[in-house]
Amino acid sequence: MSAHEKGFFTEENSVEVVTGRNSEASDERLKQVMEVMTRKLHEAVKEIEPTQDEWMQAIQFLTRTGQMCNEWRQEFILLSDVLGVSMLVDAINNRKPSGASESTVLGPFHVEGAPELEMGANICLDAKGEDMFIQGRILDTAGHPIANAVIDVWQANDEGFYDVQQQGIQPDFNLRGVFRTDADGRYWFRAVKPKFYPIPDDGPVGQLLGQLGRHPYRPAHLHYIIKADGFETLVTHIFDPDDPYINSDAVFGVKESLLAEFRWTHAPDRALSYDFKGDFWDVEHDFVLARIAEKRGSS
Ligand code: BEZ
Ligand code: FE
C-alpha cells in the first residue's frame, strides 16, 4: 500500500481515505477545494443519514437542474442564488474600502451591447408604468467626482418582466441604457418605477422554493454596472425600501446601503421638461467606486 492509500473505506475513516487518494493531484488549488468539499459533504451525509431513496431524489434533483440549462437559462446559478451562495461569493470577492458602494448579484438578465444614450434619455420604450426621474453622482472614496464613468442600467418593466423574457412583446433594449458621467460625475435619466417580480420558477429550483415554503420574488430594483478607468467595476442595484418583498428577497441581494429613496413628486415644471404626464417618482442616488488595489479599511 503506498502512502496515499489509507486502507479500506469505512464510515469512520471515509474522509481520510478519499482525500488521501487525491494526494498526487497536480493542481494544489483543486486538491485543497476537493479536500474541503469531501470533508464537508461527508459530514453532511453522516449527520443527515439519507436513505437510498432520499439520495436518489437528490441525484434526480441535480439531474433535472442540469437538464433545465440551455443558452438562456442557467438553473445551477439560480440554485446558487436561492442558497445564498452567489451573494457569499460576491461578498468574498468584493470586500470594499470603507465608504465605497456595496455590490450585489449580477443576475441573468444583463445584455451586452445596450445602446449608449444621451444623458437624460428615457429608457422606457413601452410607455407602461409610472414615470421616474433618476439622478446621482459617481464619486471616489475621497468624495471627488469621477468623469466619464460608464453606467450600464437595466430593469424589469411595469409587469415585472425584462425585455429578454418577452421578445416580440417588449421593444428590444426596453428599460436598458448606457450613460457616461459628465465632468461633475453626474448622471441622470428617465425610466419607470420598477416592480417586484419572480425569479424564473418553472423549473426544479422553483419547485424547491415551493417545497420549502418560500416565495420566488425579488423586491423592485434597478441594476447598475459602473465602470471607470483606475477603479474597480461595481455591479450593484438600488432597491425600493417600501417594496413588500424588501425583507425576503429570494436571492438575498438586498443590503441596507442599497435602499434608495423613491419620492412621489408633484413638480409640474419639471414634469413638463421631462415630457412626463404628471406627478412622477424622483430618485437620487450616488455611488462611490473603490480604486483598484484600494483595500477594505485602507481609505
Ligand atoms: C435579477 O435581479 O435580475 C435576478 C437575480 C438573480 C436571479 C434571478 C434574477
Ligand atoms: Fe433584476
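What's counted below: heavy atoms across the whole structure, side chains too, no hydrogens, waters or symmetry copies. Atoms within a ligand are numbered from 1 in the order they appear, just like the ligands themselves.
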Is there any salt bridge (Lys or Arg N to Asp or Glu O under 4.0 Å) pair reaching into residues 148-174, and which pairs are they, with sequence neighbours excluded?
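Output for this query lists Lys128-Glu159, Asp158-Lys195, Asp163-Arg176.
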Do you know which of Pro200, Ser80, Cys69 makes side chain to side chain contact (heavy atoms under 4.5 Å, CB included) with Glu75?
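Going through the options one by one, the only one that passes is Cys69.
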Look at the aromatic rings of Phe287 and Tyr224 and report parallel, tilted or perpendicular, splitting at 30° and 60°.
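Correct class here is tilted.
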Please determine if Arg218 has a nitrogen or oxygen closer than 3.5 Å to a nitrogen or oxygen of ligand 1.
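Yes, since at least one N or O of Arg218 sits under 3.5 Å from an N or O of ligand 1.
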Within the 4.5 Å heavy-atom criterion, are His221 and Asp249 side-chain neighbours or not?
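No, too far: nothing below the 4.5 Å cut-off.
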Looking at [Y] and [X], is there a salt bridge between them, counting it only when a charged N and a carboxylate O are closer than 4.0 Å?
X      : Y      : value
Asp202 : Arg73  : yes
Glu43  : Lys46  : no
Arg190 : Asp275 : no

Tell me whether Leu258 shares a hydrophobic cluster with Val283, the cluster being built from Ile, Leu, Val, Met, Phe, Trp, Tyr side chains joined at under 4.5 Å.
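No: no chain of side-chain contacts under 4.5 Å links Leu258 to Val283.
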Under 2.8 Å from the Fe ion (ligand 2), which protein N, O or S atoms are there? Could you list them by chain and number?
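Counting only protein N, O or S atoms under 2.8 Å from the Fe ion (ligand 2), the list reads Tyr162 OH, Tyr197 OH, His221 NE2, His223 NE2.
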Pairs satisfying ring pair (Phe, Tyr, Trp, His ring centres under 6.0 Å), at least one member in residues 18-38, at least two apart:
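For residues 18-38, and leaving out neighbouring residues, there are no ring pair (Phe, Tyr, Trp, His ring centres under 6.0 Å) pairs at all.
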Which ligand 1 atoms, with their elements, are less than 4.0 angstrom from a heavy-atom of [X]?
X      : result
His221 : 2 (O)
Leu78  : 7 (C), 8 (C)
His223 : 1 (C), 2 (O), 3 (O)

Quick one: look up the protein heavy atom nearest [atom] and list residue, atom name and how far away it is.
atom                   : value
atom 5 (C) of ligand 1 : Gly107 CA, 3.4 Å
atom 9 (C) of ligand 1 : Pro108 CD, 3.3 Å
atom 7 (C) of ligand 1 : Asp81 OD2, 3.2 Å

Show the atom names and distances, to 0.1 Å, of all donor-acceptor pairs under 3.5 Å that link a side chain in residues 55-63 to residues at least two apart or in another chain.
residue, atom, partner, partner atom, Å
Thr63, OG1, Ile59, O, 2.7

Assess Tyr197 for proximity to ligand 1: is some non-hydrogen atom of it under 4.0 Å away?
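Checking ligand 1 against Tyr197, which is what was asked, there is a heavy-atom contact under 4.0 Å.
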